[in-house]
Amino acid sequence: MKVETIAIHSGTIITDTNRPAVQPITTATTFEHHEGSMVYTRAQNPNRLALEQVLAKLEMGADAAAFSSGNAAAMAIYQALPSGSHIIAPDDMYHGIRRQLLEIFKGIHATTFVDMSNLEQVRSCIRPETALIWVETPSNPLLKVTDIKGVVNLAKQFGLKVACDNTFATPIFQNPLLLGADLVMHSTTKFLGGHSDLLGGALICRANDAFWERIRMVQHVGGAVPSPFDCYLLTRSIKTLPYRMRAHHANAMALSKFLSSRPQVEKVFYPGLPEHAGYEVAKAQMSGFSGMLSFTVKGGADTAEAVISKLRWFTHATSLGGVESLIERRAAVEGPDTLTPANLLRVSVGLENPDDLIEDMKQALA
Ligand SMILES: *Cc1c(COP(=O)(O)O)cnc(C)c1O
């Protein structure tokens with residue numbers, strides 16, 4: 001099956017004799033005991049199972065586990081590691097997960113943050129207690145690209161696990177498990193959900209091993225599971241994911257080229273531009289460059305804020321991956337300890353007509 005067919009037909013579980021074309025929402029928290037039945041919705045639910053099956057297929061993994069948010073999914077990996085583990089994480093990464101490592105797992109695990117586009121630097125951070133290399137590519141918000149295969153090769157030499165936050169690329173454009181990563185993480189709140197109306201996360205594994213069993217245990221016993229309704233919404237959204245992603249990619253490509261041509265713009269960060277530092281690696285490991293870009297404007301935070309205030313079609317809001325375009329001055333969201341430049345605007349390029357988006361950006365920059 002090709003990806004468009006998987007997105008529409010995989011996972012669906014229909015037991016009703018009326019054969020509805022769409023799987024109903026099973027809101028029951030408990031199930032009558034009988035041979036092979038589900039028991040309790042925190043442990044299993046038909047809508048969650050359908051979602052997990054399609055996610056595993058899309059990432060070409062052995063199994064998937066759905067969580068109530070992307071953060072909960074990431075946290076399940078850190079909770080499954082033996083305490084005292086050392087983690088290597090990128091210097092540019094989703095700030096909420098960075099905060100988990102710094103604030104929740106402080107005293108439980110140790111983390112070294114490193115420029116992951118430099119494999120020699122990654123190697124130099126490996127210690128006897130190192131258990132995991134956390135990869136995020138393209139990264140949030142600087143769109144830095146990490147060579148997944150390069151990190152995997154290094155990790156294999158030292159017996160380390162590799163987990164990859166694949167939220168920006170989506171399974172449509174990048175499949176880290178095929179490049180040798182052990183785990184993929186998604187904030188399904190973003191492109192997979194695609195309509196800014198649900199919160200969710202997922203982990204997908206390459207092999208159903210002992211570590212995966214521990215993650216399943218954290219999901220079930222920890223209890224950060226998505227509701228049947230959110231699972232339903234998400235499987236519904238996934239049906240159009242391949243088509244939405246192509247349009248997100250095309251619109252972001254057009255907007256990034258336009259921005260690069262503007263005198264008011266200092267620098268554009270988009271892995272689909274040949275001048276981007278990660279372009280060659282991105283081209284080798286991604287089949288599209290997705291819908292996220294950032295750019296810095298000449299001037300400071302005030303100039304950047306002024307651009308936002310003049311835009312008509314870009315909503316001034318955080319988050320990403322929805323049908324509507326969003327823009328934010330990222331440093332303002334990340335808070336005082338941010339490493340993000342003050343004049344950087346992060347854009348989630350939506351599915352509006354690209355001509356309208358470019359026209360709007362043109363008048364806002366002028
Ligand atoms: C949003 C996001 C997360 C966190 O996901 P939530 O669903 O908000 O908990 C993790 N990684 C990346 C790259 C994200 O964009």
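When a ligand or atom number is given, it counts from 1 through the structure's own listing order. The figures here come from the full heavy-atom set of this structure, side chains too, leaving out hydrogens, waters and symmetry mates. Note that the structure is predicted; figures quoted are calculated from it, not measured.
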Does an N or O from A72, backbone or side chain, lie closer than 3.5 Å to an N or O of ligand 1? no
Which option wins on minimum heavy-atom distance to atom 1 (C) of ligand 1: K190, R98, Q100, M75? K190
Are more than 12 heavy atoms from other residues, nucleotides or ligands located less than 6.0 Å from atom CZ of R236? no
Hey, are D209 and K161 close enough for a salt bridge, meaning a charged N less than 4.0 Å from a carboxylate O? yes
Ligand-side contact atoms (ligand 1) for residue partner L320, heavy atom cut-off under 4.0 Å: 15 (O)
Short list, please: which atoms of ligand 1 are under 4.0 Å from a heavy atom of N140? 15 (O)
Ranked by distance from atom 8 (O) of ligand 1, the top protein heavy atom is Y94 OH, 4.0 Å
Quick one: look at I97 and ligand 1, take heavy-atom pairs under 4.0 Å, and tell me if it's side chain, backbone, both or neither. side chain
Give a yes or no on whether a salt bridge exists between R206 and D182, defined as a side-chain N under 4.0 angstrom from a carboxylate O. yes
Considering only heavy atoms of S69, which atoms of ligand 1 have at least one such atom less than 4.0 Å away? 7 (O), 9 (O)
Parallel, tilted or perpendicular: which describes the rings of F289 and Y270, with under 30° parallel and over 60° perpendicular? perpendicular
Donor-acceptor pair between Q174 and E59 side chains, under 3.5 angstrom: no
May I ask whether G200 places a heavy atom under 4.0 Å from ligand 1? yes
What protein heavy atom lies closest to atom 11 (N) of ligand 1? Include the residue and the distance to one decimal. D165 OD2, 2.7 Å
Can you check whether T189 has an N/O within less than 3.5 Å of an N/O in ligand 1? yes
By number and element, which atoms of ligand 1 are closer than 4.0 Å to a non-hydrogen atom of N71? 4 (C), 5 (O), 6 (P), 9 (O)
Calculate, to the nearest 0.5 Å, the distance between atoms CD and CG belonging to E352 and D360 respectively. 9.5 Å
Ion pair present between D115 and K144, side-chain N to carboxylate O less than 4.0 angstrom? yes
Pair R216 + D63, salt bridge at N-O below 4.0 Å: yes
